[in-house]
Amino acid sequence: MKRELFDTEHDMFRKSFRTFLEREVVPHRKEWEEAGIVPRDIWLKAGKNGFLVPWVDEQYGGTGVKDFRFDQIICEEMARVNEAGFFIPLQNSLIAPYINEFGSEEQKTRILPKCVTGETILAVAMTEPGTGSDLAGMKTTAVDKGDHFILNGSKTFISNGLLADVILVAARTDPKNPHAMGMFIVERDQEGFERGRNLDKMGMKSQDTAELFFNHVIIPKANVLGNPTQGFMYLMKMLAQERLTLACGAVGGAQAAYDLTKSYIKERKAFGKPICKFQNTRFKMAEMKTEIDMAQVFVDRCVMDHNHGKLAGDIACQAKLYTSELACRVADECVQLHGGYGYMMEYPIASMYLNVRIHRIFAGTSEIMKEVIARADGL
Ligand SMILES: Cc1cc2nc3c(=O)[nH]c(=O)nc-3n(C[C@H](O)[C@H](O)[C@H](O)COP(=O)(O)OP(=O)(O)OC[C@H]3O[C@@H](n4cnc5c(N)ncnc54)[C@H](O)[C@@H]3O)c2cc1C
């Protein structure tokens, strides 16, 4: 289905980002997956080409153009080439927005320009070994000592956990009130801050996902993001964009798996004819195409609503829920249509299948999405 939301400037941006991925990222995929991490150099290259947080205001090194369609294009193009390790959307659309929205002028001036150049890589640390969905159960604490806070606790599953130079760490700030939470800026090599192992995941092989430990880390007041009791409110405000970002990637992932499979089924023969000539294959492809197109229309509408400041949190949850489940269903069906080759890692559909599985889990599981949607509907 022809999409209506992009203009010439978006098409140009897509073309140049696609070329960048094909030249600088795709050829190195295997090497990075084996290393379990991407080199810092690729962040610098992305920055040099204008692909990191381009939306920040000019005084911080960006263009100041706040149009989520550019973020959407990045997600789609990364999904198109099945790049799940070099996590640009995390920097651009999930973490830098916190600093831009709630940071002081001094913090923005200090941190954002280097996020644009790629000298600073960001991470956000909320999940803990004992709690993910239920963030009110968080154990990490930040105690106010007058001119600084003392941070203690541990986090897990943190994307960019090894590479990150600046980490936004969520911590409880009032032992009597589980809803008092703050976000604290922890910088590389601060005393008491340690990184654990690079976690061995089923997919996203070149993404450094790690455990982080904070043992009496001194957080100067200059590194407190906004009001240290309003972290949950900040989360609520930013979650719609986070979920929309992941929905853009999920529907892009479904489309990529579909396209790959469409080529395969025309080539592969069984019983003397290409497998695309079997009714089951054509019906499965038709069902997937229909669902992907319908999901894309919904996501595109969410993107435009978001551009106009009108995207409701529960609608973003609907987008994330539907596209995450769809991406997993489509990837599974596409593996099936590849037969035994679909199970072989040398066929890209196998790693697509493994990469999309995370969508139903991170940034709020599908079950949590359903809770939010039902609650918003008065149930
Ligand atoms: C690859 C990867 C990258 C990640 N990156 C980051 C990151 O950068 N920063 C970060 O902070 N976190 C990150 N996470 C953590 C991720 O957001 C959490 O894993 C996720 O929110 C789920 O939390 P959990 O793992 O503790 O699962 P749990 O909360 O223990 O959930 C387990 C199961 O119980 C279900 N469940 C829980 N509560 C309910 C409920 N009320 N109703 C119904 N079912 C429920 C869940 O849906 C799930 O099926 C990442 C995780 C992964 C795997």
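Order of appearance sets the numbers: ligands from 1, and atoms from 1 within every ligand. All heavy atoms count here, side chains included; hydrogens, waters and symmetry mates do not.
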Quiz item: Taking distance alone, with no angle check, do Asp134 and ligand 1 share an N/O pair under 3.5 Å?
Solution: no
Quiz item: Does Asn223 reach the main-chain N or O of Phe184 with its side chain, forming a donor-acceptor pair under 3.5 Å?
Solution: no
Quiz item: Is Asp7 atom CG crowded by more than 12 heavy atoms from other residues, nucleotides or ligands, each under 6.0 Å away?
Solution: yes
Quiz item: Taking Lys66 as the fixed residue, which of Asp57, Asn307, Asp71 is the one that meets the side-chain hydrogen bond (donor to acceptor under 3.5 Å, both in side chains) rule?
Solution: Asp57
Self-check item: ligand 1 versus Ser366: contacting region, heavy-atom distance under 4.0 Å
Solution: neither
Quiz item: Using heavy atoms and a threshold below 4.0 Å, how should the contact between Ile358 and ligand 1 be classified: side chain, backbone, both, or neither?
Solution: side chain
Quiz item: Taking the six-membered ring of Tyr341, is the NZ or CZ of Arg268 close enough (under 6.0 Å from the centre) and on axis enough (within 45°)?
Solution: no
Quiz prompt | Contacting atoms of ligand 1, where contact means under 4.0 angstrom from a heavy atom of Ala363 | solution = 17 (O)
Quiz item: Backbone, side chain, both or neither: what part of Thr365 comes under 4.0 angstrom of ligand 1, heavy atoms only?
Solution: side chain
Quiz item: Do Phe51 and Phe17 have ring centres separated by under 6.0 Å?
Solution: yes
Quiz item: Heavy atom under 4.0 Å from ligand 1: found in Lys201's side chain, backbone, both, or neither?
Solution: side chain
Quiz item: Are Asp300 and Arg3 within salt-bridge range, i.e. N to O under 4.0 Å?
Solution: yes
Quiz item: Between the candidates Gly203, Ser133, Gly137, Gly132, which shows the shortest non-hydrogen contact distance to atom 28 (P) of ligand 1?
Solution: Ser133
